[in-house]
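See below for the structure under consideration.
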Amino acid sequence: MTRKVAVIGMGHVGSTVAHYIVANGFADDLVLIDTNEAKAQADALDFRDAMANLPFHTNIVVNDYAELKDADVIVSALGNIKLQDNPNADRFAELPFTRKAVAGVAQQIKDSGFNGKLVVITNPVDVITSLYQEITGLPKGHVIGTGTLLDSARMKRAVAERLHVDPRSVAGYNLGEHGNSQFTAWSTVKVLDQPITKLAADKGLNLDELDKEAKMGGWTVFKGKKYTSYGVATAAVRLVNVILSNSLTELPVSNYRAEYGVYLSYPAVVGRDGIVAQAQLDLTEEELQKLQTSADFIKQKYTESLAATKD
């Protein structure tokens with residue numbers, strides 16, 4: 001079966017996603033789309049130049065929305081990262097730009113006849129994922145945001161460094177908005193088969209400090225290089241591969257939760273049919289309150305954005 005993936009937006013993140021796919025042979029056909037035609041063509045040529053030294057071949061097409069009709073997965077990586085350069089570390093600084101850009105892109109995706117799965121990186125990701133679903137009319141389970149798959153990885157890295165283990169040995173989730181209202185659900189976190197709350201007491205770990213480190217990890221990277229790329233691109237490509245391979249993996253991604261009436265990050269089982277099952281965590285009362293606060297914030301911003309796209 002031919003695997004066909006498209007990446008829309010060839011900035012720092014989109015080009016990193018595309019490179020990861022090409023270098024590892026994750027797709028047979030790759031469609032690159034960007035408003036900057038020269039940049040997209042240059043990336044395509046650069047990838048073709050790499051192929052003589054790769055064990056894989058990828059067929060690359062540039063800026064042809066008609067090619068999306070039979071794509072398995074589209075990755076939305078469009079954005080304007082310069083707008084993030086603000087003192088508040090606020091992903092919503094991009095929203096006036098991205099909601100307008102996404103409205104046009106989503107309509108072109110719909111017009112192409114695309115019927116695959118849509119993976120959204122574009123920030124603020126929960127609101128933008130909601131907008132994509134609304135405008136494309138795709139089933140809610142077929143439009144998925146990377147959400148806190150990245151923030152959970154940042155939490156695992158922070159915890160693992162303190163406890164001197166591999167981050168893959170840390171289990172647990174960050175939940176809610178991929179933004180300032182997200183939080184680490186410490187009741188879900190285990191290391192060495194021990195609850196992190198017990199280990200924290202035994203080893204004197206400051207969980208509030210670790211939560212902040214996970215939340216601000218992207219901002220720390222951004223301050224150093226004025227964009228983030230590797231962490232989020234790896235999360236997105238992992239999600240793409242989970243869909244393509246139908247691996248039925250439980251991931252904390254932005255998915256539509258009916259009880260909150262909004263897209264937010266909460267563990268779900270992902271496969272070829274998108275969201276195939278949703279987890280039900282046994283959260284503490286405090287965590288449930290934080291999740292509700294996050295959901296309310298996302299819903300407010302989504303309502304505002306939907307109205308703005310119809311103006």
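- Using a 4.5 Å cut-off on side-chain heavy atoms (C-beta onward), Glu213 and Glu161 make contact.
- In this structure a side-chain-to-backbone donor-acceptor pair under 3.5 Å is missing from Asp34 to Glu37.
- Considering CD1 of Ile109 and CG of Leu68, their distance stands at 6.5 Å, rounded to 0.5 Å.
- A side-chain donor-acceptor contact under 3.5 Å links Asp126 to the backbone of His178.
- To the nearest 0.5 Å, atoms CH2 (Trp186) and OG1 (Thr197) are separated by 10.0 Å.
- Put simply, the side chain of Met51 reaches to within 4.5 Å of the side chain of Thr58, judged on heavy atoms.
- For the side chain to side chain contact (heavy atoms under 4.5 Å, CB included) test with Val105, the passing option among Leu78, Ile33, Thr35 is Leu78; the others fail.
- Annotation: side chain of Leu210 is in contact with side chain of Arg162 (closest heavy-atom distance under 4.5 Å).
- With Asp72 contributing its side chain and Lys4 its backbone, the two residues share a donor-acceptor pair below 3.5 Å.
- Counting heavy atoms from C-beta outward, Tyr230 and Thr16 have side chains that approach closer than 4.5 Å.
- In this structure a side-chain-to-backbone donor-acceptor pair under 3.5 Å is present from Asn206 to Glu209.
- Of the inter-residue distances, the one linking Asp70 atom CG with Thr2 atom OG1 reads 9.0 Å to the nearest 0.5 angstrom.
- Here the shortest heavy-atom pairing between Ala71 and Phe114 reads O-CE1, 3.3 Å.
- For Tyr20 (side chain) and Ser15 (main-chain N/O), no donor-acceptor pair under 3.5 Å exists by modelled atom type.
- Under the 4.5 Å side-chain contact rule for hydrophobic residues, Tyr263 and Val276 do not share a cluster.
- Panel note: side chain Arg3, backbone Gly25; a donor-acceptor pair is recorded below 3.5 Å.
- Applying the 6.0 Å contact sphere to CG of Asp166 captures more than 12 heavy atoms from other residues, nucleotides or ligands.
- Looking only at distances, no side-chain donor or acceptor of Asp296 sits under 3.5 Å from a matching main-chain atom of Ser294.
- Contact detail for Arg257 and Ala279: the closest heavy-atom pair is NH1-O, 3.1 Å.
- Looking at Thr148 and Tyr266, their side chains never come closer than 4.5 Å, going by heavy atoms from C-beta outward.
- In this structure, a donor-acceptor pair under 3.5 Å is absent between the side chains of Asn174 and Ser152.
- The pair Asp202-Lys198 counts as a salt bridge, with a side-chain nitrogen and a carboxylate oxygen less than 4.0 angstrom apart.
- Counting heavy atoms from C-beta on, the side chains of Thr146 and Val120 never come closer than 4.5 Å.
- Here the shortest heavy-atom pairing between Val17 and Ala236 reads CG2-CB, 4.3 Å.
- Rounding to the nearest 0.5 angstrom, the gap separating the CG atom in Leu175 from the CG atom in Leu281 is 6.0 Å.
- Side-chain N or O atoms of Thr98 include one that pairs as donor or acceptor with a backbone N or O of Asn123 at under 3.5 Å.
- Judged by distance alone, the side chains of Glu304 and Gln300 do bring a donor and an acceptor atom under 3.5 Å apart.
- The line from CZ of Arg48 to NE2 of His57 is 8.5 Å long, rounded to the nearest 0.5 Å.
- No side-chain donor-acceptor contact under 3.5 Å links His19 and Asp43.
- Linking Ile, Leu, Val, Met, Phe, Trp and Tyr residues whenever their side-chain heavy atoms come within less than 4.5 Å leaves Val143 and Ile135 in two separate clusters.
- In this structure the side chain of Gln133 never reaches within 4.5 angstrom of the side chain of Tyr256, judged on heavy atoms.
- Here the shortest heavy-atom pairing between Gly271 and Leu248 reads CA-CD2, 4.0 Å.
- Looking at every heavy atom in both residues, Thr184 comes nearest to Ala214 through OG1-CB, 4.4 Å.
- Panel note: side chain Glu287, backbone Thr284; a donor-acceptor pair is recorded below 3.5 Å.
- Remark: the Ser76 side chain and the Thr122 side chain contain an N/O donor-acceptor pair separated by less than 3.5 Å.
- Side chains of Leu118 and Val75 form no contact here, defined as non-hydrogen atoms less than 4.5 Å apart.
- The backbone N or O of Ala268 sits nowhere less than 3.5 Å from a side-chain atom of Glu250 that would complete a donor-acceptor pair.
- Under a hydrophobic-cluster definition in which Ile, Leu, Val, Met, Phe, Trp and Tyr are linked whenever side-chain heavy atoms come within less than 4.5 Å, directly or via other members, Val253 and Val269 are assigned to different clusters.
- Counting heavy-atom neighbours within 6.0 Å of Lys100 NZ, excluding the residue itself, gives a total of 12 or less.
- Under the 4.5 Å side-chain heavy-atom criterion for Ile, Leu, Val, Met, Phe, Trp and Tyr, Val159 and Leu207 are members of the same hydrophobic cluster.
- Under the 4.5 Å side-chain heavy-atom criterion for ILVMFWY residues, a single connected hydrophobic cluster contains both Phe183 and Leu288.
- Atom CD of Gln194 sits in a crowded spot, with more than 12 heavy atoms from other residues, nucleotides or ligands closer than 6.0 Å.
- In Lys225, the NZ atom is crowded: over 12 heavy atoms of neighbouring residues, nucleotides or ligands sit closer than 6.0 Å.
- Here the closest non-hydrogen pair linking Lys156 and Pro167 is CB-O, 3.7 Å.
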Determine, stepwise, if the pair Ile121 / Ile128 fulfils side chain to side chain contact (heavy atoms under 4.5 Å, CB included).
-> CA-CA 9 Å; Ile121 304 173; Ile128 294 299; over 6 Å; no

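- One finds the CD1 atom of Ile243 at 9.5 Å from the NE2 atom of His142 (value rounded to the nearest 0.5 Å).
- When only modelled atom types and interatomic distance are considered, Gln182 and Ser265 share no side-chain donor-acceptor pair under 3.5 Å.
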